[in-house]
Each structure stands twice: as C-alpha cells, then as structure tokens.
Protein chains: 2
Amino acid sequence: MPSVAIDPLNKMKGVTMSFPRNGEIYGEDEPAEYLYKIVSGAVRTYKIYGDGRRQIGAFYLSGDMFGLEMGEAHAFSAEAVTRTKVMFFKRSAVMVLAAQENDVAGRLWALTARELFRVQEHTLLLVQTAQERVVSFLLEMLARTPASNAVDLAMSRRDIADYLGLTVETVSRTLTQLVNSAAIALPSARRIVLRNRTALRQLNS
Amino acid sequence: MPSVAIDPLNKMKGVTMSFPRNGEIYGEDEPAEYLYKIVSGAVRTYKIYGDGRRQIGAFYLSGDMFGLEMGEAHAFSAEAVTRTKVMFFKRSAVMVLAAQENDVAGRLWALTARELFRVQEHTLLLVQTAQERVVSFLLEMLARTPASNAVDLAMSRRDIADYLGLTVETVSRTLTQLVNSAAIALPSARRIVLRNRTALRQLNS
DNA sequence: CGTTAGTTTGAATGGCTTCAATCCATGTGG
DNA sequence: CCACATGGATTGAAGCCATTCAAACTAACG
C-alpha cells in the first residue's frame, strides 16, 4: 500500500487550518461537509464504544486525504495525533468539479478504492496474533516513511494498541520481544530502528 | 447496511453462469476481468494464509454485486457457498460505459463506497468478544433477509467462524448460549429463528 | 525538583483455542 | 430397509495467549 498522494483536488483551493495535539477535527455523526488533506502532522480516525473501548480506524500522514466517506455524516471521529496542518475542501464544490471533469471523478473513485484496500488490509491484521499485528504495523509505518530504516512514530502505545485491537501492555511487551530478538532497536520509545528486515518479515506468515 | 441492489449496469447485458456448491468463481491474484452480480445463491470471498488459516472477507447474497476491486488483480478468491447463478459484466465494457455516462460512474463510485462501509463494519466486528461477533453476524443476516424473523443460513459453521475470526467450536458454543438465553431458536443447524430481538441487541454494546 | 502522562514489567486471571470425542443428518450400496 | 460411511455440528476438558490489575520506571515540562 504505497501512500502516494493522489490529489484529485489540485484544481481547487482549500483553506488550511492548524490543530494542536489531540485536537478534534470532526466528530462521529457530524455532517460531512469537507474533504481533508494533511499538509503536515498526523491524524487518527476512531470510534468509541458504549463501554469506553476505542477502535482506531486509520492513521493518516502527511499528504494523505481523509474524510471521504460517502454518507451524509462522518462514520468516524478524527483527531490530530500531533500538531497538524490540515487543508479543507468543501465537499459540495468537490462534487460539482467531479460532475464537470471526468478525470476528477475518476480520481475520487480511485481514492475511495484505495481506502477500501487499506481497510481490507487492516481487517486482515485483526485476526492475526499479537506479534504479527505489531510487526505488520511497524512494516506499514516503515513503508510509509520515505526510504529509511527508521521511523519516528507520531502516535502513542495506546494509539497503536487501539489500532491493532490489543492492549498497551501487549504492544509494549511485543516490542521488547522484537528488541530482544534483534529484529528492531528502540533508542527511544517513539523511535523504531529496523535491524533485521528479513527476521521481521518472517514473523508475518 | 441495507443490501439494496444498486445496479449501475442495468444498461448492460451480462452472461449468466451457474456454479456448484464450493465452485470457484475466481482466484486471488487472477486478473480482474469481470464484475459480478448474484442472480441467486450466495458467494464468499476469502484469503488463505501460509499456515492454512482462511479469512472470509464477505458474504454476498442474491442481488449483490462483487469483485469490484480496482486493482489489476483480484485481492480475494471467490467461491459459491451453495449452488449459485452469477451474472458476468466485462470490466472494460463497464469502464467505457462509465466514461460515457456520468451517472453510471457515480453509481459505481457509490458501490465502492458502500463496500468500503461494509468492510469498515466488518473490521469493527473483529475486535469484539465472541458473543458480540456472533450476535452481530446474526443481526446482519436477519437484516439482509427481507422482512422476516428467521434466516436459513447458506453457510456452514466453518464459514461463519472464518468470517468472524473465531473457531467453529466457539461459534457453536455461542449459538447454544443464545438458545439457552432464549434469544434465538435453532430448529435445525442452519435455521435461525429470532425469539427476542431486544435481548439480542443488548448483547451488542 | 515535583507532577503528570506515557511506557515498561510482573503476576494472576480468563476467554478463546486446541485436541478429542460424540452426536446428527444425509446419502449410498448391499 | 438397514448398515455404514461421510461431512457437519455439538460438547467436554485442558492449555495458552492476551488481558487485567498493579507497580515501577522514564521523560517532558511546569
């Protein structure tokens, strides 16, 4: 899943807005008035259950678009993981443009299809073992970081846990296992250094 | 998730083909030449892992369209759950039509978006408890059965288990729990009768 | 410093899986 | 029509992986 920034809206001007760490961008069930594109920073989308559990649907990084659900209302809430700059596009204007320009419509469709693919991958993650989930997450994040063997994670252990359907403790324990098996190094809690990609890959069957 | 049959292709003729129980419709990684619509019967899409585990991505029933992944190749395999009639639409022809007729393109987009929504719901299922998963599955199947308090499931316990990320045994045990709590009745293994919808709903927090 | 949020580690519990056996329905051949 | 084989479903008992509860440790920031 390459996170190439397909931007069907380069013909449109958008308004940029800044959000602090944990700032709410939109809430679940709010009317979906805009499409969003991350200029810098990171965003998480999530749902809260009745019993307080939180499930994170996706992490979006610099260049990614999000909020393209087709319903009237947002299916998830969206928050800034860190200080984040987001560009807003009015949905109604996007639709008008899509109706006029055929390739814009096509690229929006492609964007939805890419999102579909991403969610499918996420679904497949959630039936794996804890180790497989964490490894897949790390490989995904490494893949989304341009040409590097290290990542500075924007998100906390809790965020990772809620994305993978695990607990913080399990994520933490799994990471130390990976350190002990020399697959990765953890110079600091948020910094992941890849030591042995092959070993890491093999933990994903 | 209403399974209303949005059919953007009513302007196209398709070829109908019959498949026996467990008949393969297409395989993972095969080139995606067609779009499919179920005339009668049921289809499952799935992936097989290296260690033999199988994850079912979706069940499609009469009237549903499937196989609309945007990549060159299918991301999942597809099999008939029971004897099934499927209508084939050539993807290239569909694309030509979409390029010409704006509303066709829009409806294909909407179809992709609906699929995205469905997969998101499925994702949320997989982080719940066994009971919640089974209950959600039953409610989903009941919802997709037009106006009735009973369903004749097309799929086996194994299919259900592989859809919910559980084992057959756990699915079976959970169903008997639901029978014992008078939420449902099981006149036969494949027939589910709803006895207490409220009780069932409450098991989904 | 002192406080707080985040991370790691430990010990015990529990829910689902695993392994195994039994039950049930269907179909086939004698 | 019964005997038997077969695939699917259910039930039981033991084991294990992730969770839960709890505490210690670390880093950032006033």
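Keep in mind that what you see is a predicted model, and the values were worked out from it rather than measured. Heavy-atom basis, side chains included; hydrogens, waters and symmetry copies ignored. Numbers restart at 1 for each chain; the letters A, B, ... are given by sequence-line order, proteins then strands.
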### Query
Quick one: which of dG10(C), dG6(C), dA18(D) gets closest to the side chain of Arg21(A)?
dG6(C)
### Summary
Separation of dG14(C) atom C1' from Gln131(B) atom CD, nearest Å, is 15 Å
### Task
Say whether Ser40(A) and Ser62(A), considering side chains only, have a donor N or O and an acceptor N or O under 3.5 Å apart.
no
### Query
How close or far is atom C1' of dT18(C) from atom CZ of Arg53(B), stated in whole angstroms?
14 Å
### Message
Tell me the interatomic distance from Gln128(A), atom CD, to dT17(C), atom C1', rounded to whole angstroms.
### Response
16 Å
### Query
Considering only dA11(C), dT11(D), dA9(D), which nucleotide approaches the side chain of Thr176(B) most closely?
dT11(D)
### Query
Once the angle between the rings of Phe88(B) and Tyr36(B) is folded into 0 to 90°, is it parallel (under 30°), tilted (30 to 60°) or perpendicular (over 60°)?
perpendicular
### dT7(C) OP1/OP2 closer than 4.0 Å to side-chain N/O of Arg190(A)
yes
#### Entry: Per Glu169(A) side chain, nearest of listed nucleotides dC16(C), dG10(C), dA20(C)
dG10(C)
### From CZ (Arg107(A)) to CG (Asn10(A)), nearest 0.5 Å
5.5 Å
#### Entry: Spacing of Leu166(A) atom CG relative to dT7(C) atom P, expressed in whole Å
15 Å
#### Entry: Ion pair Arg173(A)/Glu169(A), N-O distance below 4.0 Å
no
### Query
Reckon Ser172(B) has a side-chain N or O less than 4.0 Å from the OP1 or OP2 of dA9(D)?
no
#### Entry: Distance in angstrom units between Asp51(B) CG and dT18(C) P, rounded
10 Å
#### Entry: Spacing of Leu186(A) atom CG relative to dG6(C) atom P, expressed in whole Å
18 Å
#### Entry: Distance in angstrom units between Asn22(B) CG and dG8(D) P, rounded
8 Å
### Message
Please pick, from dT9(C), dT10(D), dT19(D), the nucleotide with the shortest atom-to-atom distance to any side-chain atom of Thr167(A).
### Response
dT19(D)
### Query
Does Thr170(A) make a side-chain N or O approach to OP1 or OP2 of dT19(D) shorter than 4.0 Å?
yes
#### Entry: N/O (side chain, Arg158(B)) to phosphate O (OP1/OP2, dG7(D)) under 4.0 Å
no
### Task
Using a cut-off of strictly less than 4.0 Å, decide whether Arg173(A) has a side-chain nitrogen or oxygen near OP1 or OP2 of dT8(C).
no
### Task
Taking atom types as modelled, find out whether Asn22(A) and Arg44(A) have a side-chain donor-acceptor pair closer than 3.5 angstrom.
yes
### Query
Choosing from dT10(D), dA18(D), dT7(C), which nucleotide comes nearest the side chain of Thr129(A)?
dA18(D)
### Task
Whole angstrom is fine here: how far is it from CG in Leu164(A) over to C1' in dC17(D)?
16 Å
